[in-house]
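Naming convention: chains lettered A, B, ... in sequence-line order (proteins, then strands); numbering from 1 in each chain. Everything numeric in this text was worked out from a predicted model, so none of it was measured.
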Amino acid sequence: MKKLALLLSLAFLFAACPDAALAAADKGEVVVYNWSEYIPQDVLDEFTDETGIKVVYSTYETNDAMYSKIKLLRGQSYDLVCPSTYYLHLMIEEGLVTTFDHAKLTNLGNLDPKLMAPPYDPENKFSIPYMWGSFGMIINTKYVDREKAKTWRDLLRPEYKGKVILSDDMRDTFGIAMHAAGKSANSTNPDDIKAGYEFLKELHPSVRVFDLTAVKQAFISEEVIIGTSFNGDALVAKQEHPDLEYIYPEDGALVWIDSFAIPVGAKNVDNAHEFVNFLLRPEIAKRCQEEFMYSTPNLGTIELMSPEERNNPALQPTDKDLQKAEYLLNVGSKTLMLYKDYWEKLKSGF
Amino acid sequence: MQANNRFRLFSISSVWLWLGLFALLPNLALFLVSFLDRGETDFFIPVFTLDNYSRLLDPAFIRIFWDSMYLASISTLVCLLLGYPFAYLLARSSKRMRPWLMLLVVVPFWTNSLIRTYALIIILKTQGLINKLFIWLGLADGPFSLMYSDFAVFMGLTYTLLPFMILPLYASIEKLDVRLLDAAKDLGAGTLRSFWHVTLPLTLPGIVAGSILVFLPALGTFYVPEILGGATNMLLGTFIKNQFLVARDWPLGAAASTILTLLLVLLALIYRMSSRKAAETPLTEKGKKKGAADA
């Protein structure tokens, strides 16, 4: 008899579950798939408190992982994703994302026109910028002379041997290598890519580590003294190690924009709009920006900043800083294979 | 009795269902994809090709494969050399102590291995725990770092995989009949000799099982070498991961992964052979009984 009671109560428990889920669905939810360390938890909580919309939040570490998942799910299951330039380009080309209704985004006017209408989405139909930043050079000024770290080619200097860190992201690292070789980071010309590879091959003996997630740690504990970094990581690391400095190399940094996009199979499109519109508020965008130290595309947020922050080139680069900088664009699968072959060659010592 | 039968049917079929759904099916899918072509916009297209396997003959891949084999072999050897005495002591310790010692082996499993790998950074880095200890002991005069080196990778792999070596070794050493060792002693064999001729052959299945359990993950784990080794050289796990994620070349990744699976099958065959051999050793009564039952 006891067993029966237990079974019954279990059955009730299972029967009750769908009801609970339905109740949540009444208020609505928004399923967000975003980079890790990108929106502070209290901002998410505030959104739910204010609108009653539950935020189901999951994160990824690389564009590659996000793209594979969205593609396998054929754009279903998530209401918002946040791809970077070249992956957004690819997802638009492959029809994996759908359009925004600009009329529902009342705060859209806050965004910096300079960062709107990128080459892959000229009317911002598919993408609303969330954060942007650059991929440049970081040095430890205790060991590295600023005059000897002006271009990517300076990484080859013998005094940095064994003290260099590069990103383990193939496109990012090839991007700066192509710049070092005086080529465009989006070139599909095999000779240009070979030139980039030659640079990396020459640099490889100097490289201590290829890294994706622990750049800050490697600089703070002085395992490395020069290398590539996102501006946000560099600024966060500088808070713990004041000798660190972020630099825009003269042969050109890379610039990225992470934008929100709605996968084609999204179920809660209205809630997705509401969520994006919420994040476009200057004071909310300020909180996101402060926490992770990337650059904000929100002009209202920039007005809220202290003059010191506003004039920090690592946070708000000048036009001169970005003179030769480039966005990474989708180069197509043939060129990507070429990159990959060179990348494997590089890492297996051929 | 009937309820018992139903339970048996239920438990056996659920195990088969589980294995079929989560082990056989994915591997079968992977095997199939390894013979398909890659599409311009699709991960794979249904066109038969052997191209993926011939692409693996590239010298870069062969180098990656050997580097990984080397790393996995050394890690397995280190695990065996550390794990065998550990398991031996464990099996020979008092009955009261054993569960506690066993608990200590298993406790690290309660924390995610990725987190434990990151924790190793704190121990290995410049100004890390090892560095500070050496300076305090006067063995080093300044900061040095063990991070981003082969040593760090070996340490990470050994640390993560050691329990997989200890547990099967413990199981086979515990089963070892002590009377056989007494008999060897009575017949005049020294400690070394009785270890070599009695203990070692009888615990061979444990050694092989532990080695397989360590070798294969060591070959495939990509995050330990990436985090601790600095990823300046590519290994098999990273290679496969990159085909699926970065290069979007699923068929090639599937082919590399299939090779790994074949290696597993080969090792499983070796394991079977070794346990047969141990069972056939005329020294054991168990072996004789088992042999009789088989016949």
Shortest non-hydrogen contact between A/Ser221 and B/Thr126, atoms and distance: O-CB, 3.5 Å
Heavy-atom pair with the smallest gap, counting every atom of B/Leu245 and A/Ala65: CD2-CA, 3.8 Å
Contact winner vs chain B - A/Leu90, A/Thr62, A/Asn63, heavy-atom pairs under 4.5 Å: A/Leu90
Leading residue by heavy atom contact count with chain B [cutoff under 4.5 Å; candidates A/Arg171, A/His204, A/Glu222]: A/His204
Residue B/Asn233 versus chain A: region with a heavy atom under 4.5 Å: both
Minimum heavy-atom distance between A/Leu336 and B/Ala247, given as atom pair plus value: CD2-O, 3.9 Å
Within-4.5 Å side-chain heavy-atom neighbours: A/Tyr67 and B/Arg248: yes
Over 12 foreign heavy atoms within 6.0 Å of CZ, B/Phe10: no
Contact class of B/Ile227 relative to chain A, heavy atoms under 4.5 angstrom: neither
Portion of B/Phe239 that has a non-hydrogen atom of chain A nearer than 4.5 angstrom: side chain
Nearest atoms (heavy-atom pairs only) where A/Met337 meets B/Arg38: CG-NH1, 3.1 Å
Spacing of CD belonging to A/Glu223 relative to NZ belonging to B/Lys125, to within rounding of 0.5 Å: 8.5 Å
More than 12 heavy atoms from other groups under 6.0 Å of CZ on B/Phe134: no
Nearest-0.5 Å distance that lies between atom CG in A/Asp168 and atom CG in B/Asn242: 7.5 Å
Over all atoms of both residues, closest heavy-atom pair of A/Tyr87 and B/Val246: OH-O, 4.3 Å
Contacting moiety of B/Asp58, where chain A heavy atoms sit under 4.5 Å: neither
Gap between atom CD of A/Glu344 and atom CD1 of B/Ile64 - 0.5 Å precision: 5.0 Å
Side chain, backbone, both or neither of A/Glu93 within contact of chain B (heavy atoms, under 4.5 Å): neither
Side-chain donor or acceptor of A/Lys347 paired with backbone N/O of B/Ala231 under 3.5 Å: yes
Proximal component of B/Trp250, with respect to chain A [non-hydrogen, under 4.5 Å]: side chain
B/Leu252, part contacting chain A, at a heavy-atom distance under 4.5 Å: side chain
OH/B/Tyr70: more than 12 non-hydrogen atoms of other groups inside 6.0 Å: no
Atom NZ of A/Lys194 with >12 non-hydrogen neighbours under 6.0 angstrom: no
Side chain / backbone / both / neither for A/Leu166 at chain B, heavy atoms under 4.5 Å: neither
CD (A/Glu37) with more than 12 external heavy atoms under 6.0 Å: no
Heavy-atom pair with the smallest gap, counting every atom of A/Phe210 and B/Thr232: CD1-CA, 3.7 Å
B/Phe244, CZ: over 12 other non-hydrogen atoms inside 6.0 angstrom: yes
